[in-house]
Amino acid sequence: MSSRPTHVAVIGGGIGGLCLAQGLRRAGLAVTVYERDRSADSRLQGFRLHIEPTGSTALHACLPPALWEVLVATAGDPGPGISFRDEQMRPLVRIGQKSQNGRKPDPLDPTTGRHAVSRVTLRRLLLAGLDDVVQFGKECTGFAQEDDGRVTAEFADGTTATADVLVAADGAGSRVWGQLHPEADRTTLPATAMAGKLFLTEENRRWLPEELLTGMNAFWPRQDFLFTAVFRRRENLAAINARLGDRVRALGLEPERLLADSQDDDYLLWAFIAHRDALPGFTAQAQADPAAVRALLARRTAGWHPDLRRLLADSTPDTLYQTEFRAARRLRPWRTSNVTGLGDAVHQMPPVGGLGGNTALRDAHHLCAALIAADRGELPLPRALHDYEADMLHHGFDTVREVVRNTDAAIDRNPLRRAMTRWFFRTCGAVPPLGRAVLGER
């Protein structure tokens with residue numbers, strides 16, 4: 001073990017960088033996070049993030065136990081599994097509805113728990129207890145290697161910070177990662193997406209079909225693609241405050257503010273994805289005219305089930321969100337140094353299925369374990385970082401490839417291939433052993 005704790009400088013205070021900081025702090029390592037945002041409230045994204053068991057395992061390992069319990073309580077239940085359906089809502093195949101060993105999943109068990117987490121609340125929880133760790137308003141412009149083997153981060157305000165290890169956790173376009181790997185490149189996929197929310201009022205609950213109110217759905221029409229997910233509160237505000245209010249305050253958080261962030265109204269999220277060439281002018285319309293977007297979606301979904309069309313038409317206009325899809329090109333293995341990275345800084349992927357966020361959390365967990373092992377003298381630091389990067393390179397870019405492949409299939413405009421995909425899903429649903437063999441646990 002070294003005479004002093006390893007000092008880690010993390011560039012970027014997103015979920016991956018903060019998860020890493022929480023884990024390192026918990027293990028007694030010195031860590032500082034440099035975030036370009038001016039404050040913790042600078043990012044107020046409205047959509048929630050699906051935390052899968054991979055992400056749950058990472059958060060459970062890195063967070064103090066009290067923070068983990070608060071996170072689970074303030075999250076929503078995403079429902080059991082995901083159903084693939086056609087545009088008339090007829091089922092094709094359902095996967096993931098069974099829990100491990102046939103038992104009901106335990107939200108507190110990170111190996112089975114799935115959580116719909118408010119991004120605002122998640123960031124606030126990840127910042128808890130890190131007041132002396134996170135420095136806001138620090139835009140990193142690059143780094144320099146020192147003669148003594150350490151590394152110095154350089155910031156736009158003219159300041160610098162020297163550490164044993166520098167971690168690029170500042171997302172796509174990271175200057176640290178770009179300097180370390182100038183060959184890193186990203187491609188724009190020929191896909192565009194529009195997402196929105198329909199809040200679950202009493203009136204909406206009366207007409208919404210049960211299929212949309214239970215779990216997630218992937219609709220595979222003859223053209224385009226639609227995803228839906230319901231977000232329901234796991235506990236009501238009063239129950240959480242009564243049970244966990246003291247714990248929240250002990251973490252230095254304000255219960256009312258934290259719970260208000262996490263307990264927005266229940267809603268049904270939808271995301272419509274299409275080939276960019278099929279929607280000329282869609283990006284400009286999305287930014288300027290929500291009514292025009294809804295009219296365009298109505299034309300694209302002519303002939304779909306009327307409840308799906310109403311879902312798109314009745315969604316709250318100011319929740320509409322349009323995005324393009326970009327993905328990192330696979331990197332060749334590199335020579336390890338004391339500058340590394342995680343999440344979208346390395347392997348950016350389209351926002352499909354929450355895989356990007358969960359992969360960033362997995363990276364943070366594995367990098368945290370590697371740095372702890374090196375600090376304790378269990379492995380030399382170069383070896384620990386090399387092993388982490390080899391695993392991250394393999395898993396991260398395999399996930400990118402999976403997301404890109406799924407996106408390409410969703411926007412495929414070839415009628416024969418789309419028909420074959422629907423037939424394949426329907427066959428897997430009709431022949432359970434085939435579905436289990438091809439799609440996994442069902």
Donor-acceptor check, side chain of S174 to backbone of W177, threshold 3.5 angstrom: yes or no?
yes

Is D314 salt-bridged to R309, going by a charged N under 4.0 Å from an acidic O?
no

If you compare all heavy atoms of P221 against all heavy atoms of E87, which two are closest, and at what distance to 0.1 Å?
CA-OE1, 3.3 Å

So, are R36 and D157 salt-bridged, with charged N and O less than 4.0 Å apart?
no

Show your reasoning for whether side chain to side chain contact (heavy atoms under 4.5 Å, CB included) applies to N406 and F225.
CA-CA 11 Å; N406 291 342; F225 176 84; over 6 Å; no

V93 and F424, any side-chain heavy atoms less than 4.5 Å apart:
no

Walk me through whether W68 and S56 qualify under side chain to side chain contact (heavy atoms under 4.5 Å, CB included).
CA-CA 9 Å; W68 166 251; S56 292; 4.0 Å; yes

Whether over 12 other heavy atoms sit under 6.0 Å from R413 CZ
yes

I'd like to know if the side chain of S337 reaches the main chain of V339, judged simply by a donor and an acceptor atom lying under 3.5 Å from each other, with no hydrogens or angles considered.
yes

S83-R94 side chain donor-acceptor pair, cut-off 3.5 Å:
yes

In this structure, CZ of R124 is separated from CG of L71 (nearest 0.5 Å) by 13.5 Å

Students often mix this up, so state it plainly: with edges at 30° and 60°, are the rings of Y267 and F199 parallel, tilted or perpendicular?
perpendicular

Closest heavy-atom pair, V33 versus A21, reported as atoms and distance to 0.1 Å, is CG2-CB, 3.6 Å

Compare all side-chain heavy atoms of K197 with those of L268 and state whether any distance is below 4.5 angstrom.
no

Side chain to side chain donor-acceptor pair (under 3.5 Å) against R25, all qualifying residues, sequence neighbours excluded
D132

Polar contact flag, side-chain donor to acceptor under 3.5 angstrom, H275-D412
no

Measuring centre to centre across the rings, with the benzene-like ring taken for any Trp, is H50 within less than 6.0 Å of F231?
yes

Inspect the contact between R123 and E35 and indicate whether a charged nitrogen and a carboxylate oxygen are less than 4.0 angstrom apart.
yes

Just so I know, are the side chains of I51 and L361 near enough to count as touching, which here means a heavy-atom distance under 4.5 Å?
yes

Heavy-atom side-chain contact between V10 and T32 under 4.5 Å
no

Are M216 and F227 close enough, and set up right, to give a side chain to side chain contact (heavy atoms under 4.5 Å, CB included), and what steps lead you there?
CA-CA 7 Å; M216 296 177 284; F227 171 81; 3.7 Å; yes

Return the minimal non-hydrogen interatomic distance between C140 and I11, and the atom names on each side.
CB-CG2, 3.6 Å

Nearest heavy-atom contact between L320 and G196 is CD2-CA, 4.2 Å

Can we call the ring centroids of F155 and Y34 under 6.0 Å apart?
yes

Kindly say whether L311 contributes a backbone atom to a donor-acceptor pair with the side chain of S315 at under 3.5 angstrom?
yes

Look at atom CH2 of W207 and say whether more than 12 heavy atoms of other residues, nucleotides or ligands are closer to it than 6.0 Å.
yes

So, do M349 and E402 sit near enough that their side-chain heavy atoms are less than 4.5 Å apart?
no

Looking at D86 and R90, would you say the former's side chain and the latter's main chain have a donor-acceptor pair under 3.5 Å?
yes

Looking at R294 and A313, would you say the former's side chain and the latter's main chain have a donor-acceptor pair under 3.5 Å?
yes

What is the distance from atom CD1 of I273 to atom CG of L226, rounded to the nearest 0.5 Å?
8.5 Å

Looking only at heavy atoms, which two atoms of T141 and R175 are closest? And how far apart?
CG2-NH1, 3.2 Å

Distance under 6.0 Å and angle within 45° of ring axis: R85 vs W220:
no

Got a second to check how far Y388's OH is from H366's NE2, nearest 0.5 Å?
9.5 Å

Does the pair K138/D37 count as a salt bridge with the N-to-O cut at 4.0 Å?
no

The reported gap from SG in C19 to CG in L122 (rounded to nearest 0.5 angstrom) is 8.5 Å

Under the side chain to side chain donor-acceptor pair (under 3.5 Å) rule, what do R326 and T188 come out as? Steps first, then yes or no, please.
CA-CA 4 Å; R326 292 177 62 82; T188 299; 2.7 Å; yes

Test applied, side chain to side chain contact (heavy atoms under 4.5 Å, CB included); reference residue, D363; option that passes from L342, D344, L20:
L342

Is it true that the side chains of R276 and T192 contain a donor and an acceptor less than 3.5 Å apart?
no

Please answer whether the main-chain N or O of F272 pairs with a side-chain N or O of D224 as donor and acceptor at a distance below 3.5 Å.
no

T316 side-chain N/O to T319 backbone N/O, donor-acceptor pair under 3.5 Å:
no

So that I can tick it off, tell me whether R362 and E52 are bridged by a salt bridge, with the cut-off set at under 4.0 angstrom between side-chain N and carboxylate O.
no

Test item: Q22 and L130 side chains (from C-beta on) under 4.5 Å apart, heavy atoms
yes

Short question: side chain of H305, backbone of D307 - any donor-acceptor pair under 3.5 Å?
yes

When T399 is tested against each of L355, N358, T54, V404 for side chain to side chain contact (heavy atoms under 4.5 Å, CB included), which residue passes?
L355

Side-chain ion pair, D398 and R401, N-O less than 4.0 Å
yes

Between L212 and V230, is there a side-chain heavy-atom distance shorter than 4.5 Å?
no

Is there a side chain to side chain contact (heavy atoms under 4.5 Å, CB included) between L367 and L385? Walk through the geometry before answering.
CA-CA 8 Å; L367 179 54; L385 290 174; 3.8 Å; yes

Residue pair H365 / A58: nearest heavy atoms and the distance that separates them:
CB-CB, 3.5 Å

Is any side-chain heavy atom of W334 less than 4.5 Å from a side-chain heavy atom of E389?
yes

For residues 73-94, the ring pair (Phe, Tyr, Trp, His ring centres under 6.0 Å) pairs (sequence neighbours left out) are F84-F425

Can you tell me how far the CD atom of Q223 sits from the OG1 atom of T301, to the nearest 0.5 Å?
9.5 Å

To the nearest 0.5 Å, tell me how far L59 CG sits from L125 CG.
9.5 Å

